[in-house]
Amino acid sequence: MKFLIITGNPKSGGLTCAVTEEIKRGAKDGGAEVEIADCGTITRCRVCGDGWGTCRNENTCAFGDNGFNELQAKIKEADLLCIISPVYWGEMSESLKAFADRLRRCEFAASAIEGALKGKQTLLAAVPGGSGNALLTCLQQMERFCQHTGAVVFDYIGVNRWNQGYKKTAAYNAALLMAKGVKNGETV
Ligand SMILES: Cc1cc2nc3c(=O)[nH]c(=O)nc-3n(C[C@H](O)[C@H](O)[C@H](O)COP(=O)(O)O)c2cc1C
């Protein structure tokens, strides 16, 4: 099983990084081949064609530069996905949001057929700071991306400074179970 972790975390070290490592460890221990893909250098959608670009019908970006096409292909190849971000302004990080926006355009129509994310078990993880209040809006934004692209949410994980002791364990276990083939909706 190929387990791809997609992140737009600009920070090396820190809590988001630590949670990403836990997810990687869990997936590996479950027998998956794991890769972390950083979408930080991929540029945003150029909103071509007066907003009605060919992406919507051709399932590919007309400006497939900055590694966008490669990452889209990697997602298609993967069996399992995780999307993880620090919470910025109650949302995903800017780089992850930009990538997700661009990918959604290419995958929306494809989600009805054989899209890169169609039916894929996907773990959503968000890492807030401060009061932790903005966790839900970030996870909701990620969930909407999944709804638009056909990905299936396996679980929602929120980790902050004071719950990290037990939530990192949850993140590890979620990835472990996914790698072992457990799916959303199954009783274990
Ligand atoms: C620009 C920016 C905006 C942020 N916005 C929020 C926010 O809306 N809610 C929140 O709980 N934390 C917010 N944070 C804090 C991060 O989520 C916090 O750093 C989090 O613990 C991620 O940990 P890490 O940076 O160590 O990976 C923000 C941080 C930055 C840099």
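Excluded from the calculations below are hydrogen atoms, water molecules and symmetry mates; all remaining heavy atoms, backbone and side chain alike, are included. Order of listing sets the numbers, starting from 1, for every ligand and every atom in it.
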Take atom NZ in K24; do more than 12 heavy atoms of anything else shown fall under 6.0 Å from it?
-> no
Among M92, K97, Q141, find the residue that satisfies the side-chain contact (heavy atoms from CB on, under 4.5 Å) test when tested with S85.
-> M92
Show your working on side-chain contact (heavy atoms from CB on, under 4.5 Å) between K74 and E70 and close with a plain yes or no.
-> CA-CA 6 Å; K74 252 181 204 174; E70 287 83 344; 6.0 Å; no
Is the backbone of V153 close enough, under 3.5 Å, to the side chain of E143 for a donor and an acceptor to pair up by distance?
-> no
Atom 19 (O) of ligand 1 touched by protein (heavy atom, under 4.0 Å) = no
Mind checking whether L117 and M142 sit in one hydrophobic cluster, side chains of I, L, V, M, F, W, Y counted as touching below 4.5 Å?
-> yes
Are the side chain of N66 and the backbone of F68 linked by a donor-acceptor contact shorter than 3.5 Å?
-> no
Report, in ascending order of atom number, the atoms of ligand 1 lying under 4.0 Å from any heavy atom of V127.
-> 17 (O), 20 (C), 22 (C)
Hey, which atoms in ligand 1 end up nearer than 4.0 Å to a heavy atom of G14?
-> 26 (O)
Give the residue, atom name and distance (to 0.1 Å) of the protein heavy atom nearest atom 2 (C) of ligand 1.
-> Y88 CD2, 3.6 Å
Do G13 and ligand 1 have an N or O pair less than 3.5 Å apart?
-> no
N/O separation below 3.5 Å, A134 to ligand 1 | no
If we only count N/O pairs under 3.5 Å, is P128 in contact with ligand 1?
-> yes
Ignoring angles and geometry beyond distance, decide whether G129 reaches within less than 3.5 Å of ligand 1 through its nitrogen or oxygen atoms.
-> yes
Just which atoms of ligand 1 are under 4.0 Å from any heavy atom in K11?
-> 24 (P), 25 (O), 26 (O)
Option set V19, L15, V87, criterion heavy-atom distance to atom 28 (C) of ligand 1, minimum = V87
Using modelled atom types only, decide if a donor and an acceptor are shared between the side chain of E94 and the backbone of Y88 within a distance under 3.5 Å.
-> no
If you count the atoms of ligand 1 from 1 in the order shown, which ones are under 4.0 Å from a heavy atom of G90?
-> 7 (C), 8 (O)
Any chance you could lay out the side-chain contact (heavy atoms from CB on, under 4.5 Å) test for R102 and T43, step after step, and finish with the verdict?
-> CA-CA 9 Å; R102 200 170 158 193; T43 54; 3.5 Å; yes
Check whether any N or O atom of T16, backbone or side chain, sits under 3.5 Å from an N or O atom of ligand 1, and answer yes or no.
-> yes
Might you confirm whether atom NZ of K28 has over 12 heavy atoms from other residues, nucleotides or ligands at distances under 6.0 Å?
-> no
If you have a sec, work out which protein heavy atom is nearest atom 5 (N) of ligand 1 and how many Å separate them, to one decimal?
-> W89 N, 2.8 Å
